[in-house]
Amino acid sequence: KGGKGKTNTQPVTVVQMLQKRSKEGVSAWVAYCKIMNVYVGFGIVAIPYSVASGGWCSLMLLPIMAFLAWLTAIQITRSFVVTGTNTYEDLGHAAGGRLGEWW
């Protein structure tokens, strides 16, 4: 047990991966799962509703909206990197001062 030079060859479970935290408090795997959950959940709800209320023509707008959401995600990610912040509250403060924390 615990000899020098030995590696842990036990398989890593999903639970163990989710419990592993980075220094910011959330692992990349957890962030990925949460983002995918939002996108998949939105798609499941939005597509039938958009067809029911807007007809088939509304499906043409869906890729445009997806593209705009992608651009927004890129901008937010860049903003976090440039400001060096980790939360939306800190990003709001960096962008708009004390008033920006509330929006």
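Since the structure is predicted, the reported quantities are computational estimates derived from the model, not experimental observations.
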Nearest 0.5 Å, please: how far is OG1 in T87 from CZ in F80?
6.5 Å
For W70, check ring pair (Phe, Tyr, Trp, His ring centres under 6.0 Å) against everything at least two apart and list the hits.
F67
Going hydrophobic residue to hydrophobic residue with side-chain gaps under 4.5 angstrom, can you get from L61 over to L68?
yes
What heavy-atom pair brings A94 and T83 nearest, and what distance separates the two atoms?
CB-CG2, 3.8 Å
Value for CD1 (I76) from CG (L91), rounded to nearest 0.5 Å, stands at 7.5 Å
Return the CG to NE2 distance between L99 and H93, rounded to the nearest 0.5 Å.
11.5 Å
